[in-house]
Amino acid sequence: MMKKDDAFFKNKEAMSDLFLKRLKFGTAGIRGPMGVGFSQMNDVVIIQTGQGILSCAEKHIPNFKESGIIVGYDGRHNSKRFAELTASVFLNGGVKRVFLVSRVCPTPIIAYSIRALNLALGIMITASHNPKEDNGYKLYDSKGCQVSLTSTLHKYNCWDKNELNHTLNEMVEAIVSEFLQPEENGLTPRDKNELNHTLNEMVEAIVSEFLQPEEKMCLFCSGQWKIFTGNELGALFGWWALHRLKSKQPNAPLQDYYFLASTVSSKILHTIAQAEGLKYDETLTGFKWMGTKTYDLEQEGKHVLLAFEEAIGFMDGTHVLDKDGVTAAVRMAELVAYLDSQGKDLHQLLADVYDKYGHHLTHNSYYICRNQVTIENIFHRLRHFNNEPDSYPPSLLNGKYSVTRVRDLTTGYDSGTADHKATLPTSKSSEMITFTFDNGLVATLRTSGTEPKIKYYTELVASPDLK
């Protein structure tokens, strides 16, 4: 047991961080390390969060106590205990219908159960992909969508494929070095040597594999398993969703069907939608936005075939308005079985998709930054490049690649609209700036809502004529 004279208690900065700060409501809830203090996940924070949601629900949701709530939990340490404490808060608060799952369950079960049981809210104790030391708390509304507290085509050029490798490699390195200035700001990459190696290796692999569609590919090659990126999986799921629709409903009005994707994901679904006559829309990052957008489209009589984000999140259909790995696994099994019956595999299908609609080359990564002041300084410099507001970097590599458009979803500025106002929702609580270059490359820099990271996303899109 700690004593008052222990070094821990003499560290005023550490004590201040633990007891004078609170976890902030981020991506549909809270996440953080498990430990003592109001800035970490523990019994007190869980109970207080439940009490706050109960109080808010009583004020703003008609007949909340009669409608009820469901609570689920994953297999992390303390998840079951946190779920039981949460359920007890609502039971003691007089809520008549409180469902607590009897064992570990996947998150989509909660999103589905809300609609199936006609409940007002759902809570899932999970920290998703965060480290094992963390835990979290996701909140869902009556639509089965993640709750957002903030809610109360570009013409691409073609490149010679011999130049494509060099262009993407050169520009990504320039974006990182010139815009983020990692050395100056003391940022820590995943692994600097690994990052450089991965960049070169990945770009070379994309060019050699994706730009050579005539070469037969297989899922298991030379003793190596192929790990598809989230963007590649989005292309595969999108193709399969459209194929199923056309097979079952040949005369379906495609103009009433939508693909959705987050703004930092590949535009492959946009390209497919344009070519096939479907509609496409994009949202901010996170399924709280895509789930709500899907619900709104449903109310208009429209249908969403697929929504996805590059960080391995897929929503196939609308029975669950959230990322749903359970349905995605089933759909992928169907697709693999279908391709096998046709004598093909996933590699070959992906090559066919890019051959028909054009190659979409992406490279995403991140820098770790635990100092909030440093993050603020970086993005302030980007927005005041000429020491004036809304003055952003005009080019890369001494003017070799010019910036043609800047969209800042933190401030709401967009140089590409008539009134210079962004059309997507903005949020001053998170950083997000997108640069479009004259050669068609789109690069987005943003902070994570759940982890101490500065992320960057890049994509080059080539014409289908480039074989």
Side-chain angles (χ1 to χ4, degrees), residues 27-28 106-112 114-115 122 124 128-129 138 140-141 143-148 151 153 228-245 252 254-332 334-335 353 357 360 362 364 409 423-425 444 446 449 457 459:
T27 307
T107 301
I109 292 294
I110 301 303
Y112 173 82
I114 293 169
R115 301 177 83 183
M124 180 67 187
S128 297
H129 59 275
K138 273 190 175 182
Y140 292 84
D141 63 18
K143 302 186 296 291
C145 297
Q146 295 179 25
V147 171
S148 170
S151 63
L153 206 114
F228 292 95
T229 68
N231 284 325
E232 292 168 342
L233 290 173
L236 294 171
F237 278 120
W239 182 91
W240 182 230
L242 181 57
H243 177 84
R244 296 197 323 267
L245 175 64
L254 296 182
Q255 68 273 12
D256 291 337
Y257 288 82
Y258 277 74
F259 281 142
L260 300 180
S262 65
T263 188
V264 296
S265 299
S266 171
K267 300 302 183 286
I268 181 62
L269 293 189
H270 185 190
T271 304
I272 295 175
Q274 282 191 319
E276 301 292 343
L278 283 77
K279 296 293 182 62
Y280 170 87
D281 208 345
E282 68 178 23
T283 71
L284 295 181
T285 305
F287 270 85
K288 62 184 179 183
W289 301 104
M290 283 184 276
T292 300
K293 183 64 178 180
T294 299
Y295 180 84
D296 292 341
L297 288 170
E298 282 187 320
Q299 304 312 299
E300 300 172 9
K302 307 301 182 182
H303 312 278
V304 174
L305 285 177
L306 178 77
F308 96 100
E309 62 181 5
E310 57 81 32
I312 318 296
F314 309 96
M315 187 188 83
D316 190 301
T318 57
H319 52 285
V320 174
L321 299 186
D322 191 24
K323 65 178 75 173
D324 181 3
V326 177
T327 301
V330 174
R331 294 304 189 199
M332 182 55 68
E334 290 176 351
L335 175 56
V353 169
Y357 300 107
H360 291 58
T362 61
N364 309 331
L409 292 181
T423 56
L424 284 175
T444 296
R446 65 178 285 263
Y457 310 79
E459 181 174 37

If you measure from OG1 on Thr292 to CG on Asp141, what distance do you get to the nearest 0.5 Å? 6.0 Å

Between Leu260 and Thr294, which heavy-atom pair has the shortest distance, and what is it? CD1-OG1, 3.3 Å

For the residue pair Glu282 and Leu424, what are the closest heavy atoms and their distance? O-CD2, 3.5 Å

Ignoring hydrogens, what is the shortest heavy-atom contact between Ala235 and Val353? Give both atom names and the distance. CB-CG1, 4.4 Å

As an exercise, state the distance from NZ of Lys267 to OH of Tyr280, rounded to the nearest 0.5 Å. 5.0 Å

For Gly286, does its backbone N or O pair with a side-chain atom of Ser262 as donor and acceptor, under 3.5 Å? no

Could you tell me the separation between the CE atom of Met290 and the CG atom of Asp281, rounded to the nearest 0.5 Å? 11.0 Å

CG-CG distance between Leu306 and Leu242, expressed to the nearest 0.5 angstrom: 10.5 Å

Could you pull out all donor-acceptor pairs under 3.5 Å where a side-chain atom in residues 312-331 meets a protein atom, sequence neighbours excluded?
unit_1 : atom_1 : unit_2 : atom_2 : d
Asp316 : OD1    : Arg244 : NH2    : 2.9
Asp316 : OD1    : Arg331 : NE     : 3.4
Thr318 : OG1    : Glu298 : OE2    : 3.1
His319 : NE2    : Thr327 : OG1    : 3.1
Asp322 : OD1    : Gln146 : NE2    : 2.6
Asp322 : OD2    : Tyr140 : OH     : 2.5
Lys323 : NZ     : Glu309 : OE2    : 3.3
Asp324 : OD1    : Val326 : N      : 3.1
Asp324 : OD1    : Thr327 : N      : 3.2
Asp324 : OD2    : Thr327 : OG1    : 2.5
Arg331 : NH1    : Glu334 : OE1    : 3.1
Arg331 : NH1    : Glu334 : OE2    : 3.1

Which residues pass the salt bridge (Lys or Arg N to Asp or Glu O under 4.0 Å) test with Lys279, not counting sequence neighbours? none

Looking only at non-hydrogen atoms, find the nearest pair between Leu409 and Pro425 and report the distance. CD2-O, 4.1 Å

Test item: side-chain donor near acceptor, Tyr357 and Glu276, under 3.5 Å: yes

Val264 to Glu310 - nearest heavy-atom pair and separation: O-CG, 3.9 Å

Contact summary for Phe259 and Gly238, nearest pair of heavy atoms: CZ-O, 3.5 Å

Give a yes/no verdict on a cation-pi contact between Lys302 and Tyr258, requiring under 6.0 Å between NZ or CZ and the six-membered ring centre and an angle within 45° of the axis. no

What distance do Trp240 atom CH2 and Leu233 atom CG have between them, rounded to the nearest 0.5 Å? 15.5 Å

Heavy-atom count around Tyr295 OH within 6.0 Å, excluding the residue itself: above 12? no

Supply the atom-to-atom distance Ser266 OG to Phe308 CZ, rounded to the nearest 0.5 angstrom. 5.5 Å

